[in-house]
Amino acid sequence: MENKTNPMQDSHGRAHNYLRISITEHCNLRCTYCMPAEGIALTPRAHLMTADEIVTIAKTFVKLGVTKIRLTGGEPLVRKDAKSIIEQLGKLGVELTLTTNGILVHEFIDTFKEAGITTLNVSIDSLKKDKFNQITRRNYFEKLIENLDLLEKNNFKVKLNVVVIKGFNDNEIVDFIELTKDRNIQIRFIEFMPFDGNQWNKEKLVSYAEILGQVNTFYSEQKVERAQDKPNDTAKNHKIDGYQGSFSVISSVTNPFCSTCNRIRLTADGKLKNCLFSNTETSLLDTLRAGDSIEPLIFQNIKSKFAMRGGMDDDAKFQNPLIFSQNRSMIKIGG
């Protein structure tokens with residue numbers, strides 16, 4: 001029987017009030033750590049959530065205690081009815097935000113403002129055009145830089161997501177941090193994580209300790225401050241003394257934050273995942289379309305959540321491709 005005072009509490013005592021909704025599997029980039037080189041088999045449109053279904057499911061979660069919703073993809077802004085979805089979710093009285101590759105944000109500035117969005121996470125893995133094009137397999141670098149400036153001019157708080165990969169962009173860590181000197185942005189360095197089709201191996205991993213080591217060496221004459229983390233924060237936050245912005249590290253591999261996790265994920269085809277790394281899913285969409293209540297499925301899914309990383313509770317399991325390849329590719333989960 002579910003906890004009536006906190007119906008979305010799992011068996012480990014974690015309350016879930018943060019819902020991430022993937023609204024599309026499509027993307028206008030082809031990032032190597034997210035999508036296999038050969039692409040993916042897209043889910044037939046009839047099996048994907050409509051805009052009305054997204055809003056209906058979101059309303060159920062808000063009724064159960066969700067206070068924050070993040071839209072993801074794929075790239076959420078490539079969906080043709082993205083503006084309508086954003087506008088409707090903006091009326092639910094929760095904190096609304098999204099993760100985007102930034103290529104199309106110039107078309108959504110007014111929509112963001114009307115929906116009450118004040119913060120966006122923007123993915124960018126290199127400040128060098130040739131590297132950016134290499135990792136995204138596309139040529140949108142100038143448009144992204146232009147749109148980052150546009151977001152700042154319109155007073156959005158910008159967080160830059162940087163997946164750090166050894167031998168590729170780990171020599172740009174300081175370059176990214178230097179962006180925070182005169183700009184109130186946050187750089188979020190993300191450890192390279194294993195998913196189906198992204199050729200993950202531990203040799204490509206740049207750990208939290210290695211990132212901090214590089215930072216402390218370069219800024220040896222300046223104070224690297226450990227900033228206060230928010231409750232349920234996935235990121236370990238820092239800033240350079242005197243700099244306007246800050247930086248953080250999301251250490252899902254070497255220092256997982258599972259004990260304070262408050263996140264649940266809804267895939268574009270309407271399946272609930274209680275963990276990014278879980279290979280088990282619960283279809284809410286089928287039940288919704290059958291005219292039945294999805295609440296019992298939500299409670300059951302959350303109660304079944306493992307204590308750590310979808311049951312991969314040691315390095316041997318986490319690094320085993322026979323296990324992590326059973327999960328979806330990142331683009332089909334939702335970033």
Quiz prompt | Short side-chain donor-acceptor distance under 3.5 Å, Glu295 and Thr60 | solution = no
Self-check item: Verdict with supporting geometry, Lys128 and Asp130, salt bridge (charged side-chain N to carboxylate O under 4.0 Å, His left out)
Solution: CA-CA 6 Å; Lys128 302 180 186 302; Asp130 57 341; over 6 Å; no
Quiz item: Applying the 4.5 Å side-chain criterion to the ILVMFWY set and letting contacts propagate, would Leu285 and Leu48 be lumped into a single cluster?
Solution: no
Quiz item: Should we say atom CD of Glu142 is surrounded by more than 12 heavy atoms from elsewhere, each under 6.0 Å from it?
Solution: yes
Self-check item: Any residue meeting salt bridge (Lys or Arg N to Asp or Glu O under 4.0 Å) with Glu87, in chain and number order, not counting sequence neighbours
Solution: none
Quiz item: Taking side chain as C-beta onward, heavy atoms only, is Met49 less than 4.5 Å from Leu266?
Solution: yes
Quiz item: Can any side-chain N or O of Glu210 pair as donor or acceptor with the backbone N or O of Ser207 at less than 3.5 Å?
Solution: yes
Practice problem: Output yes when a side-chain donor or acceptor of Glu191 lies under 3.5 Å from a complementary backbone atom of Val164, and no otherwise. | Solution: no
Quiz item: Between the main-chain N or O of Asn274 and the side-chain N or O of Ser278, is there a donor-acceptor pair closer than 3.5 Å?
Solution: no
Practice problem: Side-chain contact test, heavy atoms from C-beta onward, threshold under 4.5 Å: evaluate it for Val62 versus Ile69 and give yes or no. | Solution: yes
Practice problem: Rounded to the nearest 0.5 Å, what's the gap from OG1 on Thr100 to CZ on Phe108? Could you check? | Solution: 8.5 Å
Quiz item: Is any side-chain N of the basic residue among Asp10 and Arg14 closer than 4.0 Å to the acidic one's carboxylate O?
Solution: yes
Exercise. Would you check if His26 and Leu42 make a side-chain contact, meaning some heavy-atom pair closer than 4.5 Å?
Key: yes
Practice problem: Of all the heavy-atom pairs spanning Thr72 and Arg20, show the shortest one and how long it is. | Solution: CG2-NH2, 4.1 Å
Practice problem: Starting at CZ of Arg265, measure out to CZ of Arg70 and round the result to the nearest 0.5 Å. | Solution: 9.5 Å
Exercise. Decide yes or no on side chain to side chain donor-acceptor pair (under 3.5 Å) for Lys236 and Ser251, but give the supporting numbers first.
Key: CA-CA 8 Å; Lys236 295 175 173 63; Ser251 53; 3.0 Å; yes
Quiz item: Considering only heavy atoms from C-beta outward, does the side chain of Arg137 approach that of Leu29 to under 4.5 Å?
Solution: no
Exercise. Apply side chain to side chain contact (heavy atoms under 4.5 Å, CB included) to Phe132 and Arg138, showing your working.
Key: CA-CA 8 Å; Phe132 176 87; Arg138 292 296 185 269; over 6 Å; no
Quiz item: Could you state the interatomic distance from NE2 (His16) to OG1 (Thr67), rounded to the nearest 0.5 Å?
Solution: 12.5 Å
Compile the donor-acceptor pairs under 3.5 Å between side chains in residues 90-98 and protein atoms, sequence neighbours left out, one pair per line.
from, atom 1, to, atom 2, distance (Å)
Thr97, OG1, Thr119, O, 2.5

Practice problem: Indicate whether any N or O donor in one side chain lies under 3.5 Å from an N or O acceptor in the other, for Thr136 and Arg30. | Solution: no
Exercise. Check Cys27 against Glu75 and note the closest heavy-atom contact, atom names and distance.
Key: SG-CB, 3.7 Å
Quiz item: Does a donor on one side chain and an acceptor on the other come within less than 3.5 Å for Gln300 and Ser304?
Solution: no
Quiz item: Side chains of Glu25 and Thr43: is there a donor and an acceptor less than 3.5 Å apart?
Solution: yes
Quiz item: Any donor and acceptor pair, going by atom type alone, linking the side chain of Asn169 with main-chain N or O of Ile165 inside 3.5 Å?
Solution: yes
Self-check item: Asp170 and Lys204 ion-paired at < 4.0 Å
Solution: no
Quiz item: Asp292 side chain to Thr287 main-chain N or O, any donor-acceptor pair under 3.5 Å?
Solution: no
Practice problem: Salt-bridge test for Lys83 and Asp81: reply yes if a basic N is under 4.0 Å from a carboxylate O, no otherwise. | Solution: no
Practice problem: Of all the heavy-atom pairs spanning Phe192 and Leu205, show the shortest one and how long it is. | Solution: O-CD1, 3.8 Å
Practice problem: Would you kindly say whether Lys113 and Asn154 are connected by a side-chain donor-acceptor distance under 3.5 Å? | Solution: yes
Quiz item: To the nearest 0.5 Å, what is the distance between CG (Asn139) and NZ (Lys129)?
Solution: 5.0 Å
Quiz item: Is the number of heavy atoms from other residues, nucleotides or ligands within 6.0 Å of NZ (Lys157) greater than 12?
Solution: yes
Quiz item: Can you tell if the side chain of Leu89 reaches within under 4.5 Å of the side chain of Leu71, non-hydrogen atoms only?
Solution: yes
Exercise. Carefully, step by step, assess Gln186 and Ser248 under the rule side chain to side chain contact (heavy atoms under 4.5 Å, CB included).
Key: CA-CA 7 Å; Gln186 183 185 70; Ser248 61; 3.9 Å; yes
Quiz item: Will you find, in the side chains of Asn232 and Lys68, an N or O donor that is under 3.5 Å from an N or O acceptor?
Solution: no
Practice problem: Return yes if a side-chain donor-acceptor contact under 3.5 Å exists between Asn17 and Asn262, otherwise no. | Solution: yes
Self-check item: Verdict with reasoning, Leu77 to Ile103, per side chain to side chain contact (heavy atoms under 4.5 Å, CB included)
Solution: CA-CA 9 Å; Leu77 302 184; Ile103 308 302; over 6 Å; no
Exercise. Locate the shortest heavy-atom distance separating Ile250 from Ala235; write the atom from each residue and the value.
Key: CG1-CB, 3.9 Å
Exercise. Could you tell me the separation between the CG atom of Leu284 and the CD atom of Glu53, rounded to the nearest 0.5 Å?
Key: 11.0 Å
Quiz item: Which heavy atom in Leu144 sits nearest to a heavy atom in Ser123, and how many Å separate them?
Solution: CD2-O, 3.9 Å
Quiz item: Rounded to the nearest 0.5 Å, how far does CG of Leu120 lie from CG of Leu151?
Solution: 5.5 Å
Quiz item: Heavy-atom distance under 4.5 Å between the side chains of Leu127 and Ile124, does that happen here?
Solution: yes
Quiz item: Side chains of Phe176 and Phe189: closer than 4.5 Å at any heavy-atom pair?
Solution: yes
Self-check item: Contacts of type salt bridge (Lys or Arg N to Asp or Glu O under 4.0 Å), residue Asp229, not counting sequence neighbours
Solution: Arg226
Practice problem: Quick one: closest heavy-atom pair of Asn184 and Gln244, and the distance? | Solution: OD1-O, 3.5 Å
Quiz item: Within 45° of the axis and under 6.0 Å from the centre of the six-membered ring of Phe247, does NZ or CZ of Lys239 qualify?
Solution: no
Quiz item: Is a donor on one side and an acceptor on the other found under 3.5 Å between the side chain of Lys303 and the backbone of Gln9?
Solution: yes
Practice problem: Take Thr180 and Ser246 through the side chain to side chain contact (heavy atoms under 4.5 Å, CB included) test and state the conclusion after the steps. | Solution: CA-CA 6 Å; Thr180 71; Ser246 61; 5.9 Å; no
Quiz prompt | Connected via hydrophobic side-chain network under 4.5 Å: Tyr18 and Leu276 | solution = no
Quiz item: Is a side-chain donor-acceptor pair under 3.5 Å present for Thr282 with Lys271?
Solution: no
Self-check item: Test item: side-chain donor near acceptor, Ser126 and Glu172, under 3.5 Å
Solution: yes
Quiz item: Hey, are the side chains of Phe306 and Cys275 touching, using non-hydrogen atoms and a 4.5 Å cut-off?
Solution: no
Quiz prompt | Check: Thr267/Asp269 side-chain N/O donor and acceptor closer than 3.5 Å | solution = yes
